[in-house]
2 protein chains.
Amino acid sequence: MNVKILCLGILSFGEMTGYDIRKLASEGRFSHFCEAGYGSIYPALSQLTEAGHVTFAEEAEAGKPNRKIYSITESGRQALHLALSSAPGADRFKSEFLFHSLFADKMPDDYFRTRLAAKISETRATVERLKSSLEKCDHEPSGFALGFGVAINEAALAYLEQYDETVIMKAALEDSGFMESVDE
Amino acid sequence: MNVKILCLGILSFGEMTGYDIRKLASEGRFSHFCEAGYGSIYPALSQLTEAGHVTFAEEAEAGKPNRKIYSITESGRQALHLALSSAPGADRFKSEFLFHSLFADKMPDDYFRTRLAAKISETRATVERLKSSLEKCDHEPSGFALGFGVAINEAALAYLEQYDETVIMKAALEDSGFMESVDE
DNA sequence: TACGTCATGTAAGTCGTTACATGATTGG
DNA sequence: CCAATCATGTAACGACTTACATGACGTA
């Protein structure tokens, strides 16, 4: 799933600008399973235009760069279809957080607790975002994808929260141990 | 988390060959949150050697390429520590499957059902693999990371299976509708 | 005999990220 | 007035993938 196919896929839902595509892909309702920045979207759009898979209508506005509203062409739809007809590659999850967590025992005490707290609030925010997208969504397949995101992020959140409690308990036990010996 | 830091991290658990690192990173107990192939590991190891972050002991064996057993140096540990001391970047999930699922309604009927079935058995296998790794694991932080993997993959599996049932029901209803009109 | 595992590496190419460049408008 | 949003794009760089090259040993 390279950026070109991603653009084609997004444009198959309606015409829009490169700016809009990036928004959908990295903040919007597709952002939980893909990622693309300006630096890859704009060149992709140029190439797709050259190949005849998309066209654009230019809207000139004073002072601003010309707004280009892209739409997918028939040949673009065919290219998308072709890409969709071969089996999807494997899902990939990359987590620096989990990598860092591997060394929790070699880092200062509060290190992991801080990271964990951050990850929990981050995940909570993601769940909220996905749920509200899901509520607004009336397109069934998008709903399926959003539901998937909600399911795994809720599971992640539950796991992290449960772990957090055990960490807090351990810390409390240690603290009370210290208290007894340090308390004057 | 580039490949160099990944290598450093893995080597901090014990000395091993580039071949072993790749196994851990793309099939073993780290593979659910990172990924690295030979083509990135071997060059990374050379660079780390140049930088003095790792050393290797060479074992010559007739006919085979020399086996190089890498170990992390003190400077390597420092580099790892440094990398770990800044906040981890955001987790990233990339799913071609979810992207494809977006167009389920525009593809042939059995298309999505086939993909879904494949994804279910794939996820089931992942859950099994992670669980068995978890059982064998006696290193707490690794256990935490594995547990995370189990949690999200189990959630994904449950979601997919539940969805699968509704799809099957729909198909059955449609089939029986067809049956009545087609049955001679 | 053919495949899988062990084992290392390179070279070319693709792909994407980051930083830069520009600039108006709107809301706090 | 400052930050964010809208809006487009390029250039350099870095990172990773894919394919290639080599070869022994064990096992089905």
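Reminder, nothing fancy here: chain letters follow the sequence lines and each chain counts from 1. The figures that follow rest on heavy atoms only: side chains count, while hydrogens, waters and symmetry mates do not.
- Among the protein residues, Gly39(A) comes within range of the nucleic acid bases, having at least one heavy atom under 4.0 Å from a base atom.
- The interatomic distance linking Ile21(B) (CD1) with dC6(C) (C1') rounds to 15 Å, in whole Å.
- Under the 4.5 Å side-chain criterion, counting only non-hydrogen atoms from C-beta, Arg29(B) is in contact with Ser142(B).
- Distance OH (Tyr38(B)) to P (dT17(D)): 13 Å, rounded to an integer number of Å.
- Across all strands shown, Ser46(A) has no heavy atoms under 4.0 Å from either base or sugar-phosphate atoms.
- Salt bridge Arg129(B)/Glu27(B): absent, no basic N to carboxylate O contact under 4.0 Å.
- In this structure, Asn66(A) places its CG atom 9 Å from P of dT8(D), rounding to the nearest Å.
- For Tyr42(A) and Tyr19(A), the gap between ring centers reaches or exceeds 6.0 Å.
- Considering only the side chain of Glu35(B), dT17(D) comes nearest among dT17(D), dT8(D), dC16(D).
- For Tyr19(A), whose side chain is taken as the heavy atoms from C-beta onward, the closest listed nucleotide among dT17(D), dC6(D), dT8(C) is dC6(D).
- Between Phe56(A) atom CZ and dA7(D) atom C1' there is a gap of 14 Å when expressed in whole angstrom units.
- Contact annotation: Thr17(A) side-chain N/O to dT8(D) OP1/OP2 distance is under 4.0 Å.
- For Asn2(A), counting side-chain heavy atoms from C-beta on, the closest listed nucleotide (dG16(C), dA7(C), dC16(D)) is dG16(C).
- Minimum atom distance to the side chain of Pro43(A) is reached by dT10(D), of the listed dT8(C), dG9(D), dT10(D).
- Rounded to an integer number of Å, the gap from CD of Gln47(A) to P of dT8(D) is 17 Å.
- Checking dG9(D), dT17(D), dT8(C) against every side-chain atom of Lys68(B), the shortest atom distance belongs to dT8(C).
- Counting any heavy atom pair closer than 4.0 Å across all strands shown, Lys4(A) reaches no nucleic acid atom.
- One atom, CG of Leu45(B), and another, P of dA7(C), lie 14 Å apart when rounded to the nearest Å.
- Tyr42(A) has its OH atom 15 Å from the C1' atom of dC20(C), to the nearest Å.
- Crowding of Glu161(A) atom CD: a count of heavy atoms from other residues, nucleotides or ligands under 6.0 Å exceeding 12.
- The nucleotide whose nearest atom lies closest to any side-chain atom of Tyr70(A) is, among dT8(C), dT17(C), dG9(D), dG9(D).
- The CZ atom of Arg22(A) sits 10 Å away from the P atom of dT5(D) (whole-angstrom rounding).
- Regarding contacts with the backbone of dT5(D), every side-chain N or O of Lys23(A) stays at 4.0 angstrom or more from both OP1 and OP2.
- Here the nucleotide nearest the side chain of Arg67(B), chosen from dG9(D), dA7(C), dG16(C), is dA7(C).
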One pair to check against salt bridge (Lys or Arg N to Asp or Glu O under 4.0 Å): Glu128(A) and Lys131(A). What are the steps and the verdict? CA-CA 5 Å; Glu128(A) 289 316 309; Lys131(A) 272 189 176 173; 5.2 Å; no
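- When each of dG16(C), dA15(D), dG9(D) is scored by its nearest atom to the side-chain atoms of Ser40(A), the top-ranked nucleotide is dG16(C).
- Side-chain contact between Tyr163(A) and Ile120(A) is absent, with no heavy-atom pair separated by less than 4.5 Å.
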